[in-house]
Protein chains: 2
Amino acid sequence: MTAIARSDDVRRQNRRLVLGALRDHEQLSRTGLHRRTGLSPSTVSAITSDLIMEAILREQRDPDMPATRRGRPQVALGLNPDAAAIIAVVLSLNSLSASLIDYSGGIIVDRQARLETLGMTRRELVAAAQAMIGELVDHSARTGARVLRIAFAVQGITDSVARTMLWSPISPHSDVAFADAIEDAFGIPVTVENDCNMIAVALQARDSERYRDNFIAVLLSHGIGMGLVIKGDLFTGTRSSAGEFGHMNHVPDGALCRCGRHGCVEAYAGSYAIWRAALCHDPDETPASDVPEQEIASLAHRARERDGPERRAFDKAGEAIGFGLGSLFALIDPAPVAFVGHGAQAIDLLEDPIRRAIAKTAGGQHDAALTFLVEPNEAPLIREGCALRALTYVDREIFSGSPAQPSDARQDVA
Amino acid sequence: MTAIARSDDVRRQNRRLVLGALRDHEQLSRTGLHRRTGLSPSTVSAITSDLIMEAILREQRDPDMPATRRGRPQVALGLNPDAAAIIAVVLSLNSLSASLIDYSGGIIVDRQARLETLGMTRRELVAAAQAMIGELVDHSARTGARVLRIAFAVQGITDSVARTMLWSPISPHSDVAFADAIEDAFGIPVTVENDCNMIAVALQARDSERYRDNFIAVLLSHGIGMGLVIKGDLFTGTRSSAGEFGHMNHVPDGALCRCGRHGCVEAYAGSYAIWRAALCHDPDETPASDVPEQEIASLAHRARERDGPERRAFDKAGEAIGFGLGSLFALIDPAPVAFVGHGAQAIDLLEDPIRRAIAKTAGGQHDAALTFLVEPNEAPLIREGCALRALTYVDREIFSGSPAQPSDARQDVA
DNA sequence: CTATTTTTTTCGAGCCTCGAATTAAAGAGG
DNA sequence: CCTCTTTAATTCGAGGCTCGAAAAAAATAG
């Protein structure tokens, strides 16, 4: 709105368009790009020849492909894997993993470690991440790939400006400055993102039919998280990752939540809350720090078999989620909901109470339009989204400006 | 993101920049525009000379102004009032008003009418608006001003795509298609907006120090409404005006709300709810369709004087607002809150319970940063915001494309 | 070996912004 | 009254960018 437009902004924007089309479609000829982007063939030619010169794109001549049609054959263009690399780091409860990923999205190396996140000091947490990243950076140096961006996905609230982890259930420490430390150590720009937001990013890329402009990804796990896409864009708060669906208030002064407050949605719908209620414990009992997945699975099994405290616990959980969604819908309009995470495996127990609760709220007006979708396995989604997010940063910020070094990127091995 | 950029988009964008600067600052010289927008003097010159040629801007030579400084004096530019006109229509309970407004924001004529909105048919509602607009259009025809846009501000939920009033407390009818009917009648583009959103627009323009990038305008009146600005932009839902803060759920299966559901924030904090609670009526009693302002004022008076059901009613109201804001903060981060409307006059009674409730929610973390501001009179804000919104549309959509008619707008009288 | 078809590149026209130089319009001072 | 100084605004050429039309490239069909 308040941004001044110069002539080369046009080129920047159109380069992004081309890179975006190729990120979606893997391979496209110049004609294909012309059709998909709407740019004229001459412009596509100009832009792609620049990008090829800069070794960001490359022609992928397929000698096997027997040209079926008459006429000059199309030559496919694709993102050059060696143009850059990024590192995607996922930090969750007691687990740290990182991947070195090439520019076209292929995994180069993977690292994974178990660690006691709850017992670690602030410094130890950062050091653990830094060590794992260091190994990947070393590896990249050996293969000649230049790591241009590191993206963290962490459980909890992140600050998009200071790029820190503001608060997280995986650690007692607040405001952990991952970005600054890692940036200092490796001289590579770092972003810190919320894990559920990355789930949303991944869903959008995986199935752009279903998840395009407006949808809600709800993570049902030990805690409750959410990633929100509105009008095609990932929604974030004024400053933090926000979208803390799990900590919207469900019952004033209600059950004790892991965050220390009372009555949050999570205090009814998180694994620990279901467990607590199913075992008829005091709702003000301090939440268990971890409940094994099998435990929840067997509670769900019980709940399916017969009426009792287990079924009531899942009913309460569904009700909390439903009222929460209802309030959310009052604010942003109803949208398709994807339930992700192992908690989503009990969706059969949850769906009815969720729908009943939504029907009691403002969102209920459009009930018919509501669709629920289930993706039980969250970890790969987080990894995928995180990697994609980092690559998109590279697309937008690094490869859209023209004054990049022209060649020199061809230093790949072999 | 997916938009292709052409060369003349640059000019379009920069024209908007110039018009926007002049809308904010009333008068600016070309040098002033250069400083404020960052455009080079030559570009400012090119753009402004086009705009003057098209009679969108005009030079405002001030012969009185004794040039205090040495050197060639600056010549002030301003929006040409005769460049266009817009009509701002405000529809609320039992009241319809409309203003014909010139391009620089000055009021040309005003119309106002009392009507029984609750008792009117769908057709009568539209006809009433059409009649009032018709008078203003006639007036504009006599003075030669061309009306380029009509903007409605209505209480209730609006649909930004179909430009209808989806649901409103002022009428039993849903999905009232104001825009289509009015557009057909006058051949002028129409938009339908939510009144609280227009309050937010007006606040942003009035005091851009306080209300710039992130703030929340909450209307405390018979019902509860909200307008939300996030990262400088008015927030709207995926499709409707959304931001239905008043219909977020406060207490599951709680008090009966005007919308027919139970437990909404409004069912505790709306005027009718406070009245109902203060008089110790059943919380499931059908809400009164209107409660006089003096009635509320005297309840507030009572509540200030002594403990009793009145004070408890205001406590409950504040608590509902506080929990609602807390849940909102969980989603978007805390932001300054402006309370608008006659209900805000009891802010002294509400503030404490609001703060106490927020402290119990996720938003409480940043309590210190929370500032409340009070603007008791909502009507002028709605009018102002609505007019500004219409004018901004004209700026963006009509006067940013180059192929406008070059002159012919100079047909002003006298 | 030539004609046809399809893809890609080349080239000139027409935008746009910007910096430098130029012109315009005042006050200051003798 | 005339000239110098200062500030504002315009003009002009350079350098981008996109686009359409025409040309070149690279295959198949006959």
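Below, read A as the first sequence line, B as the second, and so on, with proteins coming before strands; counting in each chain starts at 1.
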- Taking for each residue the nucleotide of DNA chain C with the nearest heavy atom, is it B/Ile47 or A/Arg35 whose nucleotide lies nearer the 5' end?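 Closer to the 5' end of DNA chain C: A/Arg35.
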- Message: Evaluate B/Val10 against B/Asn14 for side chain to side chain contact (heavy atoms under 4.5 Å, CB included), listing each step before the verdict.
- Response: CA-CA 6 Å; B/Val10 173; B/Asn14 289 336; 3.7 Å; yes
- Item | cation_pi(A/Arg163, A/Phe152) dist<6.0 Å, angle<=45 |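 Because its charged atom misses either the 6.0 Å distance or the 45° angle limit, A/Arg163 does not stack over A/Phe152.
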Rounded to whole angstroms, how far apart are [atom1] on [X] and [atom2] on [N]?
X       : N      : atom1 : atom2 : result
B/Arg30 : C/dA25 : CZ    : P     : 12 Å
B/Leu57 : D/dA9  : CG    : P     : 13 Å
A/Arg15 : D/dT18 : CZ    : P     : 10 Å
B/Arg11 : C/dG14 : CZ    : C1'   : 13 Å
B/Arg12 : C/dT17 : CZ    : P     : 12 Å
A/His34 : C/dT7  : NE2   : P     : 10 Å
A/Leu77 : C/dT8  : CG    : C1'   : 11 Å
A/Glu59 : C/dT8  : CD    : P     : 9 Å

- Message: Can you tell me how far apart CZ (B/Arg239) and CG (A/Asp333) are? Round to the nearest 0.5 Å.
- Response: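 Taking CZ in B/Arg239 and CG in A/Asp333, the distance rounds to 9.0 Å.
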- Query: What's the spacing between B/Glu59 CD and B/Leu77 CG if we round to 0.5 Å?
  - Reply: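 The CG atom of B/Leu77 is 6.0 Å from CD of B/Glu59, to the nearest 0.5 Å.
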- Message: Looking only at the side chain of A/Arg70 (C-beta and beyond, no hydrogens), which of the listed nucleotides C/dT6, C/dT4, D/dA8 gets closest?
- Response: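 Within the option list, the nearest is C/dT4.
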Any N or O donor-acceptor pair linking the side chain of [X] to the base of [N] at under 3.5 Å?
X       : N      : answer
B/Ser7  : C/dC15 : yes
A/Arg72 : D/dA27 : no
A/Ser40 : D/dG20 : no

- Query: If you look at every strand shown and take non-hydrogen atoms under 4.0 Å, does B/Val75 touch a base, only sugar-phosphate, or nothing?
  - Reply: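 Sugar-phosphate, backbone atoms only, no base.
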- When we call it a touch if two heavy atoms are under 4.0 Å apart, what does B/Leu33 touch: a base, just sugar-phosphate, or nothing?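 Result for B/Leu33 = nothing.
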Any [X] side-chain nitrogen or oxygen under 4.0 Å from OP1 or OP2 of [N]:
X       : N      : result
A/Thr31 : C/dT8  : yes
A/Arg69 : D/dT28 : no
B/Arg6  : C/dC15 : no
B/Asn14 : C/dC16 : no
B/Ser42 : C/dC18 : no

- Message: If only side-chain N and O atoms count, and only distance matters, is there a donor-acceptor pair under 3.5 Å linking A/Ser45 with A/Ser42?
- Response: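 The criterion, which ignores hydrogens and geometry beyond distance, is not satisfied for A/Ser45 and A/Ser42.
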